[in-house]
Amino acid sequence: QVQAVESGGGSVQAGGSLRLSCVPSRSTDNQFCVGWFRQFPGKEQEGVAIISALGQGTFYDDSVKGRFSISHDSAKNTIYLDMHALKPEDTAMYYCAYAWTPIRRRCRLPADFNYWGQGTQVTVSS
């Protein structure tokens, strides 16, 4: 069952930009945590950028601060990840995720999310 459809991945040279998009299979609003995770070969998923529900803030991994930006357009029901100044070490499979979270807490871990996209590959060459 498709829970979200991602697009926008691809190959880019170092210093370039990409925009990832994710359309959840159900409507999402500010009661949802939404986020992007990435997975390197042989490693577990790690949080890249997460918007917690009910105004509980936005998280960025230190490695992407100042370069990546997450946004959630509820009207279009789309989650975006704008990536700039890409580095070869950003090469990974990127997944969007979301979860209905009608309480004031911060989402950080993969276990905080129960709906996932199928993943989109981002490859950055030097």
Side-chain heavy atoms of Arg105 within contact of Asp112, under 4.5 Å: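 Contact flag for Arg105/Asp112 side chains = yes.
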Side-chain heavy-atom pair Trp36, Phe68 within 4.5 angstrom cut-off: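 Sidechains of Phe68 and Trp36: no contact.
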field: Partner of His72 by side-chain hydrogen bond (donor to acceptor under 3.5 Å, both in side chains), out of Asn30, Thr28, Thr78, Asn77
entry: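 Of the listed residues Asn30, Thr28, Thr78, Asn77, the side-chain hydrogen bond (donor to acceptor under 3.5 Å, both in side chains) partner of His72 is Thr28.
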query: Between CZ of Phe32 and CD1 of Ile51, what distance do you get to the nearest 0.5 Å?
result: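 Here the rounded value is 13.5 Å.
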message: Can you confirm whether more than 12 heavy atoms, excluding those of Arg67, are under 6.0 Å from its CZ atom?
response: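 Atom CZ in Arg67 is packed in, count exceeds 12.
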message: Please give the remaining members of the hydrophobic cluster of Val5, linking ILVMFWY side chains under 4.5 Å, ordered by chain and number.
response: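 The other cluster members (ILVMFWY side chains, heavy atoms under 4.5 Å, direct or chained) are Val2.
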query: Backbone N or O of Gln56 within a donor-acceptor pair of the Arg104 side chain at under 3.5 Å?
result: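 A pair under 3.5 Å: no.
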task: Check for a donor-acceptor pair, side chain of Ser63 on one end and backbone N or O of Asp61 on the other, with a separation under 3.5 Å.
output: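 No, Ser63 side chain to Asp61 backbone: no donor-acceptor pair under 3.5 Å.
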query: Partners of Tyr98 by ring pair (Phe, Tyr, Trp, His ring centres under 6.0 Å), sequence neighbours excluded?
result: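 Per chain and number, Tyr98 pairs via ring pair (Phe, Tyr, Trp, His ring centres under 6.0 Å) with Tyr115.
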- prompt: Does the distance from a Lys or Arg side-chain N to an Asp or Glu carboxylate O, for Lys65 and Asp62, drop under 4.0 Å?
  reply: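 Result for this pair is yes, salt bridge flagged.
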query: Do the rings of Tyr95 and Trp116 sit parallel, tilted or perpendicular, given the 30° and 60° boundaries?
result: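 Tyr95 and Trp116: perpendicular rings.
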Would you mind writing out the side-chain donor-acceptor pairs for residues 119-126 within the sub-3.5 Å range, not counting sequence neighbours?
| unit_1 | atom_1 | unit_2 | atom_2 | d |
| --- | --- | --- | --- | --- |
| Thr120 | OG1 | Gly9 | N | 3.3 |
| Gln121 | NE2 | Ala92 | O | 3.4 |
| Gln121 | NE2 | Thr123 | OG1 | 3.4 |

Within residues 41-54 or reaching into it, pairs that qualify as side-chain hydrogen bond (donor to acceptor under 3.5 Å, both in side chains) - sequence neighbours excluded: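 Every side-chain hydrogen bond (donor to acceptor under 3.5 Å, both in side chains) pair that includes a residue of residues 41-54, provided the two are not neighbours, is Arg38-Glu46.
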Give every donor-acceptor pair under 3.5 Å between a side-chain atom in residues 12-24 and any protein atom, sequence neighbours left out.
| unit_1 | atom_1 | unit_2 | atom_2 | d |
| --- | --- | --- | --- | --- |
| Ser17 | OG | His84 | ND1 | 2.9 |
| Arg19 | NE | Asp82 | OD1 | 2.8 |
| Arg19 | NH2 | Asp82 | OD2 | 3.3 |

Taking every non-hydrogen atom, the tightest pair across Tyr60 and Ile70: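 That closest heavy-atom pairing would be OH-N, 3.0 Å.
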message: Once disulfide bond (SG atoms under 2.5 Å apart) is applied, what residue pairs with a partner in residues 32-93 remain, sequence neighbours excluded?
response: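 Qualifying pairs: Cys33-Cys107.
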